[in-house]
Amino acid sequence: MSSPVITRFAPSPTGFLHIGGARTALFNWAFARHTGGKMLLRIEDTDRERSTEAAITAILDGLTWLGLGWDGEAVSQFARAERHRAVANELLQRGKAYYCYCSPQELEAMRARAEAEKRPVRYDGTWRDRDPKDAPEGVKPVIRFKAPQEGETVIHDHAQGRVVIPNKDLDDLIILRSDGNPTYNLSVVVDDHDMGVTHIIRGVDHLTNAARQTQIYLAMGWQVPDMTHVPLIHGPDGAKLSKRHGALGVEAYRAMGYLPAALRNYLARLGWSHGDDEIFSTEQLVEWFSLDAIGKSAARFDFAKLENLNGHYIRHTPDAVLLKEFLAFLPHVEGGPEMLKALEGGRMAAFAKALPGLKERAKTLVELMTNAAFLFAVRPLALDDKARALLNDEGKAALRGVLPVLKAAADWQAPALEAAVKAHAEQAGLKLGKLAQPLRAALTGTSTSPGIFDVLEVLGRDEALARLADPL
RNA sequence: GCGCCCUUCGUCUAUCGGUUAGGACGACAGCCUUUCACGUUGUAAAGACGGGUUCGACUCCCGUAGGGCGCGCCA
């Protein structure tokens with residue numbers, strides 16, 4: 001029996017959960033679910049300067065909103081520093097690491113020199129074989145990993161294939177700072193090993209780290225986890241994701257009115273595929289997910305496609321579920337709390353009634369909210385330019401014509417109203433559009449809305465008739 | 001500069017040596033229609049370039065160009 005799969009998502013809490021991180025989490029999650037394994041969460045908070053509680057909260061919230069639950073408690077990497085130090089010392093003991101007394105200034109100078117001479121920027125190994133007795137007075141040393149200088153390090157990667165890095169291009173990295181704190185590459189290896197991580201799935205920006213980490217695993221005699229480095233997500237212009245396009249926290253996507261299910265579906269299709277399948281449920285994603293189906297090239301983030309998918313999800317989400325999602329969304333958007341108040345203040349029924357018509361024409365929850373505004377408008381309605389144009393003399397005349405018909409309606413339900421208005425139109429020799437548009441303008445203050453008979457019904461007899469009479 | 005990686009329609013992708021190179025988003029046009037959407041039909045749209053290998057390359061190899069990532073006492 002093979003050991004159960006354990007993946008991990010390991011963000012550093014220096015900012016929100018951005019879209020690339022979200023996808024990495026999704027892949028880790030999907031793979032763990034697919035294999036019946038676990039996804040662990042580790043917060044890489046060893047940078048005490050930049051790590052914040054707020055960021056941790058944002059990341060946890062983001063994952064939760066996206067529906068990507070993790071197994072067990074989130075692990076703080078910083079809290080494990082003692083263990084990392086112990087391993088650094090063990091490496092020292094084994095002759096796989098050494099003290100280096102170079103000052104940051106010296107290293108800076110070393111780098112500057114290399115750059116000026118157009119040589120590769122690497123630590124030159126000054127203290128690699130030097131006797132610690134030569135150590136300068138009062139300098140606190142760092143511990144460097146004694147990386148192999150010859151041969152090559154091979155990474156067997158599900159997405160990248162077999163990647164070979166010449167060892168001469170990897171220098172002796174610092175694993176323990178002069179203040180006694182471990183650095184990233186050491187901590188990651190120790191934690192992944194201790195946490196029993198079997199599969200590492202992360203961004204390709206870690207590929208070089210993968211080589212260095214592999215060397216540390218080997219030096220410790222530990223088994224190297226299975227690795228997958230997924231390509232990065234770029235902005236629409238092919239360059240790095242900037243704040244302008246996609247480098248937003250997932251909470252920004254929530255505020256833009258995207259559904260978690262739609263975002264999951266969209267993200268899954270960025271760099272991963274299952275034949276020609278475009279729209280699939282999360283259950284299907286879990287069922288189909290495979291590391292080997294992850295591509296190698298970077299993908300550009302395309303809002304148009306996300307929006308299309310989101311529209312699909314909005315249309316296909318059952319009303320009751322969508323209503324819940326919408327209510328949960330409102331606190332996160334401008335004007336949302338006010339609408340929430342209005343809904344809870346008695347407009348909920350009308351909104352729920354209007355929802356089927358509303359959701360057909362919204363690509364985001366923000367659009368849904370905008371399109372629902374007519375429900376909450378107060379008389380006399382403010383008209384937009386198009387609505388005003390529709391209510392010209394001809395429009396008003398049409399309105400005057402139907403008003404009695406509507407007043408006479410015994411049954412204030414869309415089908416009955418439709419029948420009555422259509423009969424009137426026919427009798428008056430008017431095309432339905434000539435009637436419907438002025439009605440819409442007067443009823444909603446705009447030129448677009450759900451079906452006009454639904455609008456009539458949803459508004460209710462009194463309110464509708466009053467709105468129609470207002471412009472006359 | 002050094003190392004690694006990438007390159008199929010505008011975008012996301014399928015193809016895993018033999019296809020009229022498929023799908024989706026977007027675009028455009030038509031249909032549907034009370035508006036907007038939805039839906040539907042159709043059109044345009046791609047193998048970066050140059051060499052090999054092969055009976056046959058988008059698929060394999062080499063080179064070129066372009067792009068990305070990495071090269072911290074950050075993670």
Side-chain angles (χ1 to χ4, degrees), chain A residues 10-14 44-47 49-51 77 100 102-104 107-108 111 114-122 140-144 155 157 159-161 163-166 168-171 173-179 181 183-185 187-188 203-209 211 229 231-232 234 236 238-240 266 269-279 295-309 311-312 315 357 359-363 367 371 386 390 418 421-422 425 431-441 444 446-453:
Chain A
S12 57
T14 53
E44 313 231 303
D45 51 358
T46 52
D47 184 340
E49 299 288 307
R50 297 194 296 158
S51 297
Q77 186 161 63
C100 166
C102 287
S103 67
L107 295 174
E108 186 47 50
R111 264 193 291 276
E115 220 155 287
E117 294 168 19
K118 302 209 174 220
R119 279 182 301 119
V121 182
R122 280 193 278 277
K140 280 194 181 152
V142 299
I143 295 180
R144 281 185 187 271
I155 302 161
D157 190 288
Q160 305 296 322
V163 180
V164 180
I165 313 253
K168 66 175 170 53
D169 295 316
L170 266 16
D171 61 0
L173 81 206
I174 292 171
I175 53 177
L176 204 71
R177 298 185 178 96
S178 53
D179 66 3
N181 283 314
T183 60
Y184 172 74
N185 279 299
S187 301
V188 167
V204 256
D205 48 335
H206 285 289
L207 196 57
T208 312
N209 288 329
H229 288 86
L232 303 179
H234 290 165
K240 204 167 180 168
Y266 177 72
R269 285 289 292 118
L270 237 39
W272 177 84
S273 61
H274 182 263
D276 280 339
D277 293 307
E278 294 285 349
I279 294 176
K296 299 178 88 166
S297 47
R300 301 186 188 200
F301 196 91
D302 182 9
F303 271 103
K305 189 157 181 175
L306 205 213
E307 203 151 278
N308 170 276
L309 260 179
H312 178 273
R315 269 177 266 126
K359 77 177 189 181
E360 288 301 315
R361 14 184 87 66
K363 290 197 172 68
E367 250 181 69
N371 294 343
K386 284 178 184 168
L390 282 167
E418 178 167 1
V421 172
K422 277 190 169 163
K431 285 187 122 177
L432 192 50
K434 287 288 178 192
L435 226 48
Q437 280 306 80
L439 278 172
R440 193 176 331 265
T444 70
T446 69
S447 59
T448 65
S449 81
I452 199 63
F453 305 109

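Just so it is clear, the structure is predicted and the values come from calculations on it, not from any experiment. Naming: A, B, ... by sequence-line order, numbering from 1 per chain.
- For B:rG70, its base never sits under 3.5 Å from the side chain of A:D205 at any donor and acceptor pair.
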Could you write nucleotides 58-63 of chain B as a row of B, S and -, 5' to 3', where a protein heavy atom under 4.0 Å of any base atom gives B, of only sugar-phosphate atoms gives S, and otherwise -?
------

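- Scanning for side chain to side chain donor-acceptor pair (under 3.5 Å) contacts around A:D179 gives A:N181, with sequence neighbours left out.
- In the set B:rC38, B:rU34, B:rG72, B:rC38 carries the atom at the smallest distance from any side-chain atom of A:K363.
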Contact state string [nucleotides 40-47 of chain B, B base, S sugar-phosphate only, - no protein heavy atom under 4.0 Å]
--------

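- The number of heavy-atom neighbours closer than 6.0 Å to CD of A:E117, taken from other residues, nucleotides and ligands shown, is above 12.
- Ring centroid separation for the pair A:F303 and A:Y266 does not come in under the 6.0 Å cut-off.
- Interface remark: the A:N209 side chain does form a donor-acceptor pair with the B:rA75 base, using a distance-only criterion of under 3.5 Å.
- Heavy atoms of A:T448 sit under 4.0 angstrom from at least one base atom.
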Please list, pair by pair, any protein nitrogen or oxygen found under 3.5 Å from a nitrogen or oxygen in nucleotides 6-11 of chain B.
from: B:rC6; atom 1: OP1; to: A:K296; atom 2: NZ; distance (Å): 2.3

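- Using a 4.0 Å cut-off between charged side-chain N and carboxylate O, A:R269 and A:D277 make no salt bridge.
- Side-chain to base pairing of A:S178 with B:rC73: one donor and one acceptor N or O lie within less than 3.5 Å of each other.
- With sequence neighbours excluded, the residues that form a salt bridge (charged side-chain N to carboxylate O under 4.0 Å, His left out) with A:E418 are A:K422.
- Here A:R50 pairs with A:D47 under the salt bridge (charged side-chain N to carboxylate O under 4.0 Å, His left out) rule; sequence neighbours left out.
- Comparing A:G295 and A:P450 along RNA chain B, the residue whose closest nucleotide (by nearest heavy atom) sits nearer the 5' end is A:G295.
- Among the atoms of the strands shown, base atoms are found under 4.0 Å from some heavy atom of A:V142.
- If you check every strand for non-hydrogen atoms under 4.0 Å, A:R315 touches sugar and phosphate atoms only.
- Scanning atom types as modelled, no donor and acceptor separated by under 3.5 angstrom connect the side chain of A:R269 and the base of B:rU13.
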